[in-house]
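Here the structure is a predicted model, which is why all the values come from computation and not from measurement.
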2 protein chains.
Amino acid sequence: MSNRENTISSQCFFEGRILRLRVDKVELEGGKIGEREIVEHPGAVAIVAITQDKKVLLVTQYRKPMEKELMEIPAGKLEKNEIPLACAQRELLEETGYMADNWKELLAVYTSPGFSNERVVIFLAMDLSRTLDFPMDTEEITRLDIIPLGDVIDLIKENKIEDAKTVAGILAAKVFYEDETN
Amino acid sequence: MSNRENTISSQCFFEGRILRLRVDKVELEGGKIGEREIVEHPGAVAIVAITQDKKVLLVTQYRKPMEKELMEIPAGKLEKNEIPLACAQRELLEETGYMADNWKELLAVYTSPGFSNERVVIFLAMDLSRTLDFPMDTEEITRLDIIPLGDVIDLIKENKIEDAKTVAGILAAKVFYEDETN
């Protein structure tokens with residue numbers, strides 16, 4: 001049995017540069033009528049970039065919705081028709097000045113499935129090299145930290161890393177790829 | 001140095017039952033002007049509920065934004081002035097018919113910090129008991145599965161679990177509390 005929610009009508013309330021918000025009137029199980037407030041998002045990528053001595057690249061960025069800085073793995077929105085891997089390589093370089101020779105898809109997750117279709121593809125990037133003199137995106141990124149994986153796990157446990165994709169990506173790298181990053 | 005983004009002006013485009021969408025005009029580092037599309041959310045809770053024989057409660061739900069069913073840990077939005085733990089106890093009972101005697105806060109994460117302030121407090125619930133004849137919320141929940149933690153980890157690795165809070169919560173339970181759930 002599937003509770004598929006058929007759309008009766010749909011109204012768009014906002015169409016911005018990034019987001020589109022619509023409200024769908026839907027038919028629920030048993031014929032009841034419900035409303036769904038939905039935010040459409042173009043999708044994004046994020047990168048768990050791990051050095052050969054098992055350190056993780058983390059960027060700090062001011063996040064307006066919370067009015068505070070968060071420490072996160074490098075990430076960015078997909079441009080139109082952009083392939084996730086190409087986007088991830090671009091974002092890693094722009095945000096950190098690093099390139100990687102070894103890329104694996106680690107996870108793909110919906111960040112807020114209750115109200116948004118945002119999907120983030122999270123990559124594991126290894127065999128890193130620093131591109132000298134690449135101008136980092138300092139308009140967005142305040143700081144780059146390179147921290148041992150074990151210490152990053154501690155930061156998650158202490159709730160000092162508060163970004164869901166970062167927590168999911170780092171823990172997945174530890175649980176699924178710890179051997180390879182050794 | 002902090003790239004704090006001061007608000008120059010703010011305009012609300014949508015105010016629904018759950019979400020509020022606004023666009024802030026902000027002053028960036030160096031005096032440039034930018035725009036931030038922001039979705040305000042009341043916040044939520046989620047529950048990694050683990051039985052004494054180390055099985056995890058997972059609910060399946062139709063998610064309109066993706067037009068498909070997702071398997072997730074039990075979760076729900078905070079009601080006005082509701083304490084996260086009380087919300088988690090209510091949602092666990094409503095969605096699964098289970099109660100728990102042992103609650104720990106596992107994580108608190110921002111699901112989409114680039115555009116939303118949604119924060120999910122994820123609890124670890126143990127010492128579970130089934131409340132007989134409690135009417136499960138079948139309007140929302142299609143199915144309840146009770147699956148060994150190791151198999152849930154495999155579902156994450158195979159990308160059959162695609163919800164970010166579920167991935168973060170389950171992996172955190174494994175990495176931080178594996179001993180206690182043994």
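- Heavy atoms closer than 4.5 Å to chain A are found nowhere in Thr60(B), neither backbone nor side chain.
- Membership of the apolar cluster around Ile8(A) extends to Ile33(A), as traced through chained side-chain contacts below 4.5 Å between ILVMFWY residues.
- No other option in Ala168(A), Ala164(A), Pro113(A) has as many heavy-atom pairs under 4.5 Å with chain B as Pro113(A).
- With a 4.5 Å cut-off on non-hydrogen atoms, Glu40(B) does not touch chain A at all.
- Here the straight-line distance linking atom CD1 of Ile122(A) with atom CG of Asn159(B) works out to 9.5 Å at 0.5 Å rounding.
- Ranked by heavy-atom pairs under 4.5 Å with chain A, the list His41(B), Arg119(B), Lys174(B), Glu105(B) is led by His41(B).
- Residue contact with chain A, scored on non-hydrogen atoms closer than 4.5 Å, is absent for Lys77(B).
- Heavy-atom distances place the side chain of Asp24(B), and not its backbone, under 4.5 Å from chain A.
- In this structure, chain B has heavy atoms under 4.5 Å from both the backbone and the side chain of Glu67(A).
- Neither the backbone nor the side chain of Asp154(B) has a heavy atom closer than 4.5 Å to any heavy atom of chain A.
- If you measure heavy-atom distances from Val120(B) to chain A, you find no contacts under 4.5 Å at all.
- Of all the listed residues (Thr166(A), Val175(A), Val109(A), Ile153(A)), the one sharing the greatest number of non-hydrogen pairs under 4.5 Å with chain B is Val109(A).
- Both the backbone and the side chain of Glu37(A) have a heavy atom closer than 4.5 Å to some heavy atom of chain B.
- The part of Leu28(B) that comes within reach of chain A is its side chain, from C-beta onward, which places non-hydrogen atoms under 4.5 angstrom from that chain.
- With a 4.5 Å cut-off on non-hydrogen atoms, Ile18(B) touches chain A through its backbone and its side chain both.
- Using cut-offs of 30° and 60° on the angle between ring planes, the pair Phe115(B) and Phe115(A) is perpendicular.
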